[in-house]
2 protein chains.
Amino acid sequence: MNKDNPRHEVFGAMQSFGVNSVMFRNAIGKKLGLNITDIGCLNYMLIKTKSTPGELSRYTGLTSGATTSMLDRLEKLRFIRRVPNPKDRRGTMIELQPEARSMILPFLAGAQAAQQELLKEFSDDELEIVTRFVNSFSTSIQDQTDQIDL
Amino acid sequence: MNKDNPRHEVFGAMQSFGVNSVMFRNAIGKKLGLNITDIGCLNYMLIKTKSTPGELSRYTGLTSGATTSMLDRLEKLRFIRRVPNPKDRRGTMIELQPEARSMILPFLAGAQAAQQELLKEFSDDELEIVTRFVNSFSTSIQDQTDQIDL
DNA sequence: TCTTGAATATCAAGTATCTTGATAATACAG
DNA sequence: CTGTATTATCAAGATACTTGATATTCAAGA
């Protein structure tokens with residue numbers, strides 16, 4: 001039970017990262033005058049670019065009704081846009097508006113610059129290891145979420 | 001601009017991890033009948049064990065008033081407990097109740113088992129690299145959050 | 001010491017958001 | 001085609017959040 005064992009430390013590091021990235025997006029949301037739900041949704045849309053109300057409902061943990069009104073708010077603010085889904089006429093595709101990106105990017109610029117600096121400290125081989133670990137970890141959590149949702 | 005370059009992929013991996021871990025805790029929160037705010041707070045408490053209303057307010061992005069009523073809810077459910085802070089008589093320390101851990105741990109058991117399996121795929125040296133990267137990344141985000149909050 | 005300004009957390013009133021349950025349109029399986 | 005499931009929306013009521021005021025304590029300086 002050695003505390004210096006990397007087999008234990010890596011989980012704590014991942015947890016802290018999760019906490020810190022939530023705090024980061026909350027801080028940006030506050031600057032933009034958005035509530036916690038809405039900035040959470042935008043964060044997701046920045047990563048995925050396209051989504052659907054159903055998927056966003058699962059991500060945010062909201063009911064379908066609350067998701068509708070969240071999307072109403074974000075659409076009125078021109079952050080996102082509802083587009084008909086040609087594959088399924090019941091469904092709606094959600095797209096991030098280009099203006100949304102340009103509203104948010106200024107807040108991310110500093111972080112991105114800092115991250116580029118950080119990258120210099122690691123070799124390609126090392127980054128490949130990190131990516132492989134994080135992706136496996138991420139997939140594992142995804143599987144476990146599906147287990148719980150059953 | 002090679003897409004297979006690990007220098008690009010690692011950020012996407014970290015982002016996906018952030019998204020997936022949020023969805024994971026939301027799923028657990030739903031099972032426990034907790035709202036999104038409250039499970040977010042408990043997630044933080046599981047990591048930190050002890051905190052304060054002020055710190056939780058910053059993490060959740062809530063105002064102090066909303067933090068008070070969140071803590072009222074969690075205290076009534078016996079997930080947390082308010083304890084006077086001997087170092088500062090204005091302040092209150094928030095402690096996770098042992099019962100809270102035993103309520104939540106069953107939902108984490110499967111994930112923890114899967115993560116132990118995952119660990120076997122990596123050497124100590126590799127995990128040391130991952131930990132170093134994630135910790136640096138995490139600290140960097142923390143710094144950027146402070147910049148925004150100014 | 002005494003005073004002033006900042007930081008802690010709480011409370012009450014008003015506002016915003018979320019849940020519930022119902023509805024409509026479409027998809028899909030038998 | 002028929003019945004059931006899935007998708008998203010809406011309206012009403014319940015819940016949670018923000019704002020602004022308050023009380024207590026701390027920390028720094030006269």
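Chain identifiers are assigned alphabetically (A, B, ...) following the order of the sequence lines, protein sequences preceding nucleic acid strands; residue numbering begins at 1 within each chain. Just so you know, these numbers use all the heavy atoms, side chains as well, and skip hydrogens, waters and symmetry mates.
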Ion pair present between R78(B) and E99(B), side-chain N to carboxylate O less than 4.0 angstrom? no

Short N-O contact, E75(B) and R82(B), less than 4.0 angstrom: yes

Value for CD (E126(B)) from CG (D125(A)), rounded to nearest 0.5 Å, stands at 10.5 Å

Kindly calculate the angle separating the two end axes of the helix from dT1(C)-dA30(D) to dG30(C)-dC1(D), each obtained from five base pairs, and round it to 10 degrees. 50°

N135(A): what forms a side-chain hydrogen bond (donor to acceptor under 3.5 Å, both in side chains) with it, not counting sequence neighbours? none

Applying side-chain hydrogen bond (donor to acceptor under 3.5 Å, both in side chains), name anything that partners S51(B), two or more places apart in sequence or on another chain. E55(B)

What is the distance, to the nearest angstrom, from the [atom1] atom on [X] to the [atom2] atom on [N]?
X	N	atom1	atom2	answer
L62(B)	dT15(D)	CG	P	18 Å
R73(B)	dC18(C)	CZ	P	13 Å
L56(B)	dA16(D)	CG	C1'	17 Å

Protein-proximity profile, nucleotides 6-13 of chain C, B/S/- by nucleotide at the 4.0 Å heavy-atom cutoff, equals -BSSBB--

The side chain to side chain contact (heavy atoms under 4.5 Å, CB included) partners of D38(B) (sequence neighbours excluded) come to L34(B), N35(B), M70(B), R73(B), L74(B)

Looking at [Y], is its backbone amide N or carbonyl O close enough to the side chain of [X] to form a donor-acceptor pair, meaning the two atoms are under 3.5 Å apart?
X	Y	result
T131(B)	L127(B)	yes
N85(B)	R90(B)	no
S57(B)	L62(B)	yes

Return the 5'-most residue of the pair R89(B), M70(B) with respect to DNA chain D, ranking by each residue's nearest nucleotide. M70(B)

How far apart are the C-alpha atoms of F133(A) and L119(B), what are their side-chain angles, what is the distance that settles it, and do they pass the side-chain contact (heavy atoms from CB on, under 4.5 Å) test? CA-CA 9 Å; F133(A) 179 88; L119(B) 226 45; 4.3 Å; yes

Does anything in residues 19-48 of chain A come within less than 4.0 Å of DNA chain C? Heavy atoms only, and list the residues if so. N35(A), T37(A)

